[in-house]
A.B. asks: 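Handing you a structure now.
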Amino acid sequence: MSRRVAVIAGDGAGPEVVTEARKTVDALDLDLTWHDLPWGTDHYHEHGAMMPADALDVVRQFDAVLLGAVGHPSVPDHITLWGLLLPLRQGLDLWANLRPARLLDGIPSKLDGRPKVDMLFVRENTEGEYSGVGGRAHQNLELEVGIETSVFTRAGVRRVIAYAFELAEQRRGVVTSATKSNASRYGYVLWDEVAEEVAAEHPDVKLERVLVDALAARMVANPSSLDVVVASNLFGDVLTDIAAVLQGGMGMAASASVAPGSASPPVFEPVHGSAPDIAGRGIANPMGAIWSAALMLDTLGEGEASQRLMRALEAVARDGPKTGDVGGTASTAEVGDAIAERARNG
Ligand code: NAD
Ligand code: IPM
Ligand code: MN
């Protein structure tokens with residue numbers, strides 16, 4: 001069946017890594033077409049909005065979205081991100097953000113002793129600290145106040161924790177749930193209660209409840225002790241940048257925003273941002289974007305092609321060429337070419 005993928009290459013290094021991800025998927029010779037949506041900061045400067053008003057209806061016509069990154073120094077980040085990425089995740093109700101963190105052979109470890117890193121983060125993706133509820137009063141006065149409200153719903157918490165348990169059943173059978181239910185008395189306490197309820201329905205999976213500060217330390221001190229981690233939107237965001245570094249760096253990490261069982265097109269993107277400090281130089285690591293494309297193929301029912309692409313990515317991680325952030329000297333395009341070549345012949 002023909003698949004139609006919308007591409008939001010976005011800003012900065014986004015288009016650079018998305019070009020390589022497309023190249024590697026094209027090498028697999030699938031029945032899949034790309035459709036560029038020229039949304040992002042250039043669109044904002046031209047039209048006063050990051051994407052058109054009917055953007056959600058537009059993307060609903062596709063089977064998936066491949067996204068690069070959004071954000072540019074010329075526009076405040078809360079405008080760009082609340083103008084594109086967050087409305088997509090929320091508007092399509094893509095409630096789970098999957099972020100695998102695996103240290104591949106050949107990728108230098110940042111930790112002594114090269115511990116095994118193989119975790120799967122399941123990040124709540126539509127509410128929590130990112131609900132967008134809040135406001136400012138007394139603006140520009142001495143007594144100005146900014147209020148940012150976390151919203152945790154029982155249904156929203158339950159669906160993401162239940163999904164984490166289902167995923168853990170196919171892995172090593174441990175779910176670590178991150179909260180801060182000692183200092184925060186409401187939302188995270190509800191989260192903990194729901195986690196215990198879901199755990200009771202999955203006697204084959206072990207639940208660990210860990211406070212997020214201790215979990216951040218444990219990720220560095222003993223990463224191999226972690227299997228599936230389920231976390232709120234903000235905690236999942238912070239922990240997955242740590243996880244990215246544990247798997248070699250920001251350029252390595254992949255993500256999928258999904259809503260299993262719904263008709264919404266899932267969104268696949270690297271974990272990193274638009275990397276303005278290196279954008280335009282052709283040196284960004286495309287592996288996180290390519291890994292995200294492999295997640296996309298799996299979700300689209302192309303499991304075999306997905307595995308072929310992952311095998312190609314793993315071979316190039318092992319043998320090179322690699323970009324500077326993971327110990328090589330190659331350009332973004334050279335890495336993409338090498339993975340495409342391996343995928344074509346794999
Ligand atoms: P960032 O992830 O863009 O960069 C952090 C560091 O990681 C930088 O030193 C960068 O050079 C490095 N890095 C990132 N991607 C890399 C790659 N592919 N290869 C090698 N090195 C890489 O985070 P930031 O600097 O905090 O944010 C920059 C902009 O991106 C901001 O506007 C932010 O809001 C936005 N952002 C967007 C997304 C997204 O669209 N999904 C995600 C994170 C940040
Ligand atoms: C990510 C990013 C986004 C997030 C930002 C850019 C809004 O950091 O996907 O990790 O916090 O979700
Ligand atoms: Mn992030």
Side-chain angles (χ1 to χ4, degrees), residues 7-21 39-41 44 50-51 65-90 94-99 101 107-108 110 121-132 148 231-245 247-258 267-292 313 317 322-336:
V7 181
I8 305 175
D11 302 325
E16 300 173 41
V17 296
V18 159
T19 298
E20 303 313 314
W39 303 346
T41 302
Y44 179 87
M50 294 291 287
M51 56 185 188
V65 179
L66 182 66
L67 192 145
V70 183
H72 189 269
S74 62
V75 184
D77 284 335
H78 67 278
I79 308 270
T80 49
L81 275 312
W82 276 104
L84 201 158
L85 186 67
L86 299 173
L88 278 185
R89 291 176 183 166
Q90 289 189 344
L94 300 172
W95 46 266
N97 188 227
L98 303 181
R99 298 187 160 186
I107 298 297
K110 302 275 195 286
F121 284 79
V122 185
R123 170 186 178 192
E124 200 294 314
N125 211 31
T126 56
E127 54 175 45
E129 310 86 345
Y130 282 50
S131 65
E148 194 87 42
S232 67
N233 216 329
L234 178 64
F235 292 167
D237 178 47
V238 175
L239 296 175
T240 54
D241 266 32
I242 302 177
V245 170
Q247 66 177 134
M250 288 310 301
M252 293 302 303
S255 91
S257 290
V258 299
V267 175
F268 300 86
E269 49 173 325
V271 170
H272 65 75
S274 54
D277 55 336
I278 58 164
R281 290 163 52 196
I283 58 168
N285 185 348
M287 287 184 168
I290 294 169
W291 196 327
S292 303
L313 169 59
K322 285 174 264 191
T323 46
D325 55 312
V326 286
T329 55
S331 68
T332 309
E334 284 165 346
V335 176

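Both counts, for ligands and for their atoms, begin at 1 and track the order of listing. The basis for the numbers below is simple: all heavy atoms, side chains too, and nothing from hydrogens, waters or symmetry mates.
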A.B. asks: Considering both backbone and side-chain atoms of Arg89, is one of its nitrogen or oxygen atoms within less than 3.5 Å of a nitrogen or oxygen in ligand 1?
C.D. replies: no
A.B. asks: Give a yes/no verdict on whether any heavy atom in Arg123 is under 4.0 Å from an atom of ligand 2.
C.D. replies: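 Yes, Arg123 has a heavy atom closer than 4.0 Å to ligand 2.
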A.B. asks: With atoms numbered from 1 as shown, which atoms in ligand 2 lie under 4.0 angstrom from a non-hydrogen atom of Arg89?
C.D. replies: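 Once the distances to Arg89 are compared, the set is 1 (C), 4 (C), 9 (O), 12 (O).
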A.B. asks: With 2.8 Å as the limit, jot down which protein N, O or S atoms are around the Mn ion (ligand 3).
C.D. replies: Asp237 OD1
A.B. asks: Among protein heavy atoms, which lies nearest atom 2 (O) of ligand 1, and at what distance?
C.D. replies: Gly273 N, 2.8 Å
A.B. asks: Measuring from atom 30 (O) of ligand 1, which candidate in Gly10, Ser257, Ser274, Gly71 has the nearest non-hydrogen atom?
C.D. replies: Ser274
A.B. asks: Between Pro276 and ligand 1, which residue portion shows a heavy-atom distance shorter than 4.0 Å: side chain, backbone, both, or neither?
C.D. replies: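 Side chain only.
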A.B. asks: Out of Leu67, Asp277, Asp77, indicate the one that has the non-hydrogen atom closest to atom 33 (C) of ligand 1.
C.D. replies: Asp77
A.B. asks: When only distance counts, is Ile283 in polar contact with ligand 1, meaning an N/O pair under 3.5 Å?
C.D. replies: no
A.B. asks: Should Ala13 be listed as contacting ligand 1, given a heavy-atom distance under 4.0 Å as the test?
C.D. replies: no
A.B. asks: Tell me which one of Thr80, Val267, Leu85, Val75 gets a heavy atom nearest to atom 39 (C) of ligand 1.
C.D. replies: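 Shortest heavy-atom distance from atom 39 (C) of ligand 1: Leu85.
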A.B. asks: Looking at atom 5 (C) of ligand 1, what's its closest protein heavy atom, distance included?
C.D. replies: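 It is Met250 CG, 4.5 Å.
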A.B. asks: Between ligand 1 and Thr332, can you find any atom pair, the residue atom being a heavy atom, that is separated by under 4.0 Å?
C.D. replies: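 For ligand 1, residue contact (heavy atoms, under 4.0 Å) with Thr332 is absent.
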A.B. asks: With respect to Tyr130, determine whether any N or O atom, backbone or side chain, lies less than 3.5 Å from an N or O atom of ligand 2.
C.D. replies: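 Right, the criterion is met.
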A.B. asks: Where the closest heavy atom to atom 19 (N) of ligand 1 is concerned, which of Thr323, Asp11, Asn285 has it?
C.D. replies: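 Minimum heavy-atom distance to atom 19 (N) of ligand 1 goes to Asn285.
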